[in-house]
There are 2 protein chains.
Amino acid sequence: MQCVDTTPAARAEDAIFAALASPVRREVLRLLRERGPQSVQDLASGFAMARPSFSEHLRVLRDAGLVSERRDGRRRLYRLEAVPLVRVRDWLDPYERFWRGRLTGLRDLLDDMEDMNDTRDAAALGRAGDQETT
Amino acid sequence: MQCVDTTPAARAEDAIFAALASPVRREVLRLLRERGPQSVQDLASGFAMARPSFSEHLRVLRDAGLVSERRDGRRRLYRLEAVPLVRVRDWLDPYERFWRGRLTGLRDLLDDMEDMNDTRDAAALGRAGDQETT
DNA sequence: ATGACAGGTAGGATATTTCCTACGTATCAT
DNA sequence: ATGATACGTAGGAAATATCCTACCTGTCAT
């Protein structure tokens with residue numbers, strides 16, 4: 001009965017995935033990747049949004065560790081911090097064989113086998129298990 | 001002035017990233033990956049959540065194309081559909097050289113160079129965004 | 001047909017996100 | 001010092017997400 005875990009590592013992963021959920025924030029990351037470190041002004045100029053709203057998006061990215069800021073006079077230069085994205089890559093990794101299998105048609109076969117397995121198991125156990133859905 | 005685009009492809013990407021933002025939904029994908037296609041009952045048994053709430057999570061995953069359902073008598077077997085995750089892998093791809101550069105320490109040097117350049121004159125040349133890690 | 005079961009939809013409460021305007025703080029130029 | 005600039009925080013409105021309790025539909029067993 002593993003509900004969703006709450007270790008620091010898991011919360012960091014949550015923050016990263018949550019940050020990436022917004023197209024605005026993904027676009028910010030793209031700009032930083034393609035144009036290098038930039039001021040808030042330069043970054044914000046492409047978005048039809050009040051400055052404080054944009055600042056909030058930057059804060060979410062900062063909290064997720066995906067960008068860092070450096071003071072430069074009265075400007076603040078934001079920089080891409082790509083290392084946390086390794087977590088996303090690592091999360092994605094075990095799925096790769098599924099889409100590769102899927103693309104070659106092999107996975108369908110495996111799934112059908114698994115389906116049969118599942119059906120047989122359910123029948124064998126007489127479906128008496130699991131009422132603890134509270 | 002490129003705001004966030006709204007092409008069908010972009011909306012599909014949004015749906016995928018939004019679906020992955022919830023730890024519950026990522027856990028569902030993990031279960032489907034590790035244990036193969038399963039009924040809603042089997043999937044839901046690990047979560048402390050009412051059934052309709054869980055159904056809603058499944059709907060989000062379905063709308064993103066990340067799972068498919070197949071009727072099997074009065075049960076519905078959900079199956080992982082990994083192909084949309086290729087979009088995530090593709091999104092991630094251009095960032096890889098950044099974290100690799102970062103891990104070797106080379107990126108810091110390049111960033112510092114860019115920072116200086118940026119400070120003096122951001123629009124000096126079209127060099128923006130091109131720093132090779134090799 | 002009748003009841004039990006699997007899983008969905010409807011509608012609503014609450015929490016969170018996303019956006020805004022108004023204002024504060026630090027830096028730069030004069 | 002004074003004003004302008006860059007960017008943040010405060011606080012609130014509106015939209016959305018997440019959860020719930022009822023209830024409905026379709027399938028299976030009797």
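Below, chains carry the letters A, B, ... as their sequence lines are ordered, and counting in each starts from 1. No experiment lies behind these values; they were computed from the predicted model shown.
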Any salt bridge between A:R76 and A:E69, counting N to O under 4.0 Å?
yes
Is B:D63 salt-bridged to B:R59, going by a charged N under 4.0 Å from an acidic O?
yes
So, is the end of the B:R33 side chain (NZ or CZ) under 6.0 Å from the ring centre of A:Y95 and within 45° of the ring's axis?
yes
Roughly how many Å is it from [atom1] in [X] to [atom2] in [N], rounded to a whole number?
X	N	atom1	atom2	value
B:R75	C:dG8	CZ	C1'	16 Å
B:R51	D:dC23	CZ	P	19 Å
A:F47	C:dC20	CZ	C1'	18 Å
B:Q41	C:dC5	CD	P	10 Å
B:L58	C:dA6	CG	P	15 Å
B:R70	C:dA6	CZ	C1'	15 Å
A:R59	D:dA10	CZ	C1'	13 Å
B:D14	C:dT18	CG	C1'	14 Å

Is the backbone N or O of A:Q38 less than 3.5 Å from a side-chain atom of A:R75, with the two atoms forming a donor-acceptor pair by type?
no
Exam field: side chain B:R87 to backbone B:E13, donor-acceptor pair closer than 3.5 Å
no
With the criterion being N/O to N/O and under 3.5 Å, what pairs connect the protein with nucleotides 23-30 of chain C, and how long is each?
none

So, OP1 or OP2 of D:dG8: does either fall under 4.0 Å of a side-chain N or O from A:S55?
yes
Is any side-chain nitrogen or oxygen of A:Y78 closer than 4.0 Å to OP1 or OP2 of D:dA6?
no
Which atom of B:M49 lies closest to which atom of B:V24, heavy atoms considered
CE-CG2, 4.0 Å
I would like to know whether B:E96 and B:D93 meet side chain to side chain contact (heavy atoms under 4.5 Å, CB included); could you show each step before the answer?
CA-CA 6 Å; B:E96 179 160 4; B:D93 201 52; 4.1 Å; yes
Assign each of A:F54 and B:E69 to its nearest nucleotide of DNA chain C by heavy atoms, then name whichever residue's nucleotide is nearer the 5' end.
B:E69
Can you tabulate the close N/O pairs, meaning under 3.5 Å, that link protein atoms to atoms of nucleotides 13-19 of chain D?
{"unit_1": "D:dT18", "atom_1": "OP2", "unit_2": "B:R25", "atom_2": "NH1", "d": "3.2"}
{"unit_1": "D:dC19", "atom_1": "OP2", "unit_2": "B:H57", "atom_2": "NE2", "d": "2.8"}

Please assess A:L29 against A:L20 for the test side chain to side chain contact (heavy atoms under 4.5 Å, CB included), listing each intermediate value before the final yes or no.
CA-CA 9 Å; A:L29 293 180; A:L20 297 183; 3.6 Å; yes
Run the ring pair (Phe, Tyr, Trp, His ring centres under 6.0 Å) test against B:Y78 and tell me which residues pass, sequence neighbours left out.
none
